[in-house]
Engineer: 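Next up is a structure, given as structure tokens.
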Amino acid sequence: MQRVRSDLSRDVEEITHQVHEATQWKTYVRRYPFACLAVAAALGYSLVPRQKEPKVVTSPEMVEKLVKSGRLRIEATEGASQKPSLAQQAMLGLGTVAARAMMAYFGKRLGEIVPTGESDVGSVQ
């Protein structure tokens with residue numbers, strides 16, 4: 001019985017150490033430096049906004065002068081589609097997975113807290 005207790009104590013200490021290691025971000029950087037670098041680069045790339053074409057603002061007199069001189073050319077094109085980028089799609093997918101996991105977790109915890117009365121369903125009184 002003493003050996004079982006000492007084994008149990010050692011196992012608990014080992015599990016405590018493993019949990020502590022798993023919650024430290026430096027552990028992952030040490031173990032997987034290239035993967036962490038790739039994740040950081042992808043996150044940085046997704047946070048930087050795209051450059052937009054500059055809009056030219058001018059006065060009506062200047063437009064009239066350019067039209068008269070024939071130097072103004074106006075082209076009608078379709079607007080750019082608002083398709084999300086790959087990084088935006090990835091973040092949306094991760095957000096959806098995280099939201100579903102969170103809802104499942106809270107649903108399970110709520111089920112543990114709130115009595116459902118199912119224990120009386122099969123009993124005959």
Side-chain angles (χ1 to χ4, degrees):
M1 189 54 119
Q2 183 65 25
R3 190 178 63 157
V4 171
R5 287 184 184 145
S6 68
D7 288 346
L8 182 62
S9 176
R10 197 171 354 159
D11 290 344
V12 168
E13 287 176 14
E14 184 178 327
I15 290 172
T16 303
H17 178 70
Q18 289 174 352
V19 167
H20 179 71
E21 284 289 316
T23 58
Q24 298 297 317
W25 63 270
K26 292 177 183 179
T27 302
Y28 295 103
V29 173
R30 232 179 285 119
R31 287 183 188 166
Y32 313 106
F34 295 113
C36 292
L37 182 65
V39 168
L43 184 61
Y45 180 77
S46 68
L47 293 177
V48 175
R50 292 183 186 168
Q51 289 184 349
K52 296 182 180 179
E53 293 182 24
K55 293 185 179 183
V56 178
V57 179
T58 186
S59 66
E61 295 83 21
M62 182 60 90
V63 171
E64 187 176 331
K65 190 188 280 186
L66 290 172
V67 168
K68 286 181 181 177
S69 67
R71 295 185 354 198
L72 180 65
R73 188 179 73 175
I74 300 174
E75 294 180 9
T77 60
E78 289 186 32
S81 66
Q82 296 297 325
K83 183 179 178 187
S85 68
L86 181 63
Q88 290 172 332
Q89 289 176 350
M91 295 302 283
L92 181 62
L94 287 174
T96 302
V97 169
R100 287 185 180 184
M102 187 173 60
M103 291 299 291
Y105 173 77
F106 285 125
K108 182 179 177 184
R109 298 298 272 168
L110 187 63
E112 293 172 356
I113 295 170
V114 177
T116 58
E118 292 180 4
S119 59
D120 296 336
V121 172
S123 64
V124 178
Q125 295 181 355

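Any value given below was found using the heavy atoms of this structure, including those in side chains, with hydrogens, waters and symmetry copies removed. Just so we're clear, the structure is a prediction, and the values are computed from it rather than from any experiment.
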Engineer: With a 4.5 Å heavy-atom cut-off, do V97 and R100 have their side chains touching?
Structural biologist: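 In short, these two side chains do not touch, never coming nearer than 4.5 Å.
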Engineer: Please test L92 against Q89 for side chain to side chain contact (heavy atoms under 4.5 Å, CB included), starting from the C-alpha separation and ending with a verdict.
Structural biologist: CA-CA 5 Å; L92 181 62; Q89 289 176 350; 5.6 Å; no
Engineer: How long is the span from the CE atom in M91 to the OG atom in S85, to the nearest 0.5 Å?
Structural biologist: 10.5 Å
Engineer: Say you draw a straight line from CG of D11 to CD1 of I15; how long is it, rounded to the nearest 0.5 Å?
Structural biologist: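 These two atoms lie 6.0 Å from each other.
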Engineer: Please round to the nearest 0.5 Å and tell me the distance separating atom CZ of R30 and atom CD of Q24.
Structural biologist: 9.0 Å
Engineer: Have a look at E64 and tell me which of M62, E61, K68 forms a side chain to side chain contact (heavy atoms under 4.5 Å, CB included) with it.
Structural biologist: K68
Engineer: Can you tell me how far CD of Q18 sits from OG1 of T27, rounded to the nearest 0.5 angstrom?
Structural biologist: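 That separation rounds to 12.0 Å.
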Engineer: Mark yes or no for whether Y28, through its side chain, and A22, through its backbone, hold a donor-acceptor pair below 3.5 Å.
Structural biologist: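 Yes; at least one donor-acceptor contact below 3.5 Å.
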